[in-house]
Amino acid sequence: MKTDRERKRAAIVVMRWSARVLGVIVAGFLLLMFIGQSLESNSLPKSIEPIAAIGLVLMGIYVVAMFLALKWERLGSFLGVVALGCFFVILFLGLFPGNVSGGFSSRGVLNPIFLALWLPILLYLLCWGLERRRREQT
């Protein structure tokens, strides 16, 4: 029979691998969307709005962060929090062009697709919290 310590360790391992798998899936999906959109257009866009360029850079940092988190979890998660935090501030303010209303709406920060980007980071943070609590108890 498993002891309580072994169960906690197994839970941490499951959360860590879930965060890794979800991070790679989300980052890979964003990367493939960017590549597909780039290949679809035959010519380069004449101009891009500066705030849209900032959003693309922030999502690029998030993609790199999720791949970095495979090796260095804290660095990758920290970069992911910073990139998504900045992205969500811009999203909340409604500064992106197009069909973005901003605020707490389904077209703003409560968009389920954008909220799903936080899931790998939250799993990494939960994993660290459980590890720290387990170390303090021993």
Side-chain angles (χ1 to χ4, degrees):
M1 204 149 173
K2 288 188 176 182
T3 63
D4 192 41
R5 178 182 285 175
E6 290 173 346
R7 281 191 213 136
K8 287 180 183 177
R9 185 174 177 190
I12 291 170
V13 169
V14 167
M15 274 188 271
R16 177 170 284 127
W17 278 101
S18 298
R20 288 175 177 170
V21 168
L22 285 172
V24 167
I25 288 171
V26 169
F29 177 72
L30 289 174
L31 192 60
L32 287 175
M33 279 184 22
F34 178 75
I35 291 171
Q37 188 67 28
S38 298
L39 293 176
E40 181 181 308
S41 61
N42 294 333
S43 62
L44 293 173
K46 303 270 190 253
S47 67
I48 185 168
E49 292 189 33
I51 200 71
I54 291 170
L56 283 173
V57 167
L58 290 172
M59 285 296 103
I61 292 171
Y62 175 80
V63 167
V64 169
M66 287 300 99
F67 287 123
L68 276 176
L70 294 173
K71 178 74 174 172
W72 301 289
E73 292 175 357
R74 292 196 174 138
L75 175 65
S77 295
F78 176 72
L79 281 175
V81 165
V82 170
L84 277 183
C86 293
F87 184 81
F88 269 70
V89 166
I90 294 171
L91 192 63
F92 179 78
L93 296 175
L95 299 176
F96 286 123
N99 195 14
V100 177
S101 63
F104 291 110
S105 68
S106 63
R107 292 183 184 169
V109 295
L110 295 180
N111 186 330
I113 295 171
F114 292 138
L115 288 175
L117 298 175
W118 286 103
L119 191 57
I121 293 172
L122 292 175
L123 284 172
Y124 278 125
L125 294 175
L126 184 61
C127 182
W128 294 341
L130 289 175
E131 276 183 338
R132 188 176 65 206
R133 199 167 108 195
R134 188 181 67 137
R135 272 189 250 130
E136 290 172 356
Q137 289 177 352
T138 58

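Note that the CG atom of L56 and the CD atom of E49 stand 11.5 Å from one another [nearest 0.5 Å]. Once rounded to the nearest 0.5 Å, the distance linking OG1 of T3 with NZ of K8 reads 10.0 Å. Distance CD1/I90 to CD1/I51: 4.0 Å, rounded to 0.5 Å. In this structure, the separation between SG on C86 and CG on L91 is 12.5 Å, given to the nearest 0.5 Å. Between F88 atom CZ and L115 atom CG the span is 5.0 Å, to the nearest 0.5 Å. The CG atom of L130 sits 4.0 Å away from the CE atom of M15 when rounded to the nearest 0.5 Å.
V64 and L58 end up in different hydrophobic clusters when Ile, Leu, Val, Met, Phe, Trp and Tyr side chains are linked at under 4.5 Å. Residues L119 and I12 are members of one and the same hydrophobic cluster, defined by side-chain heavy-atom contacts under 4.5 angstrom among Ile, Leu, Val, Met, Phe, Trp and Tyr. V81 and L70 fall within the same hydrophobic cluster, where Ile, Leu, Val, Met, Phe, Trp and Tyr residues are linked whenever their side-chain heavy atoms come under 4.5 Å apart, directly or through other members. Transitive grouping of hydrophobic side chains (ILVMFWY, heavy atoms separated by less than 4.5 Å) brings V26 and V24 into a common cluster. Residues W118 and V21 do not share a hydrophobic cluster, clusters being chains of Ile/Leu/Val/Met/Phe/Trp/Tyr side chains in contact below 4.5 Å.
The shortest heavy-atom contact between G80 and A65 is N-CB, 3.5 Å. When all heavy atoms of P120 and A116 are compared, the pair lying nearest together is CD-O, 3.7 Å. Listed here is the closest heavy atom pair of L68 and G76: CB-CA, 4.2 Å. Residues M66 and A27 come closest through the heavy atom pair CB-CB, 3.8 Å.
Here the side chains of V89 and V109 are not in contact, with every heavy-atom distance at 4.5 Å or above. With a 4.5 Å cut-off on side-chain heavy atoms, I121 and L84 count as touching. You'll find the side chain of R74 reaches within 4.5 Å of the side chain of W128, heavy atoms only. Under the 4.5 Å side-chain criterion, counting only non-hydrogen atoms from C-beta, L117 is in contact with M59. At a threshold of 4.5 Å between non-hydrogen side-chain atoms, the residues F29 and L32 do not count as touching.
Annotation: F78, atom CZ; neighbour count of heavy atoms from other residues, nucleotides and ligands within 6.0 Å does not exceed 12.
Under the 6.0 Å cut-off for aromatic ring centres, Y62 and F67 do not qualify, their centroids lying 6.0 Å or more apart.
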Take F96 and F87 through the test ring-ring contact (aromatic ring centres under 6.0 Å, His included) and record every step on the way to the result. CA-CA 10 Å; F96 286 123; F87 184 81; 5.1 Å; yes

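Between E131 and R16, at least one side-chain N (NZ, or NE/NH1/NH2) sits under 4.0 Å from a carboxylate O, which counts as a salt bridge.
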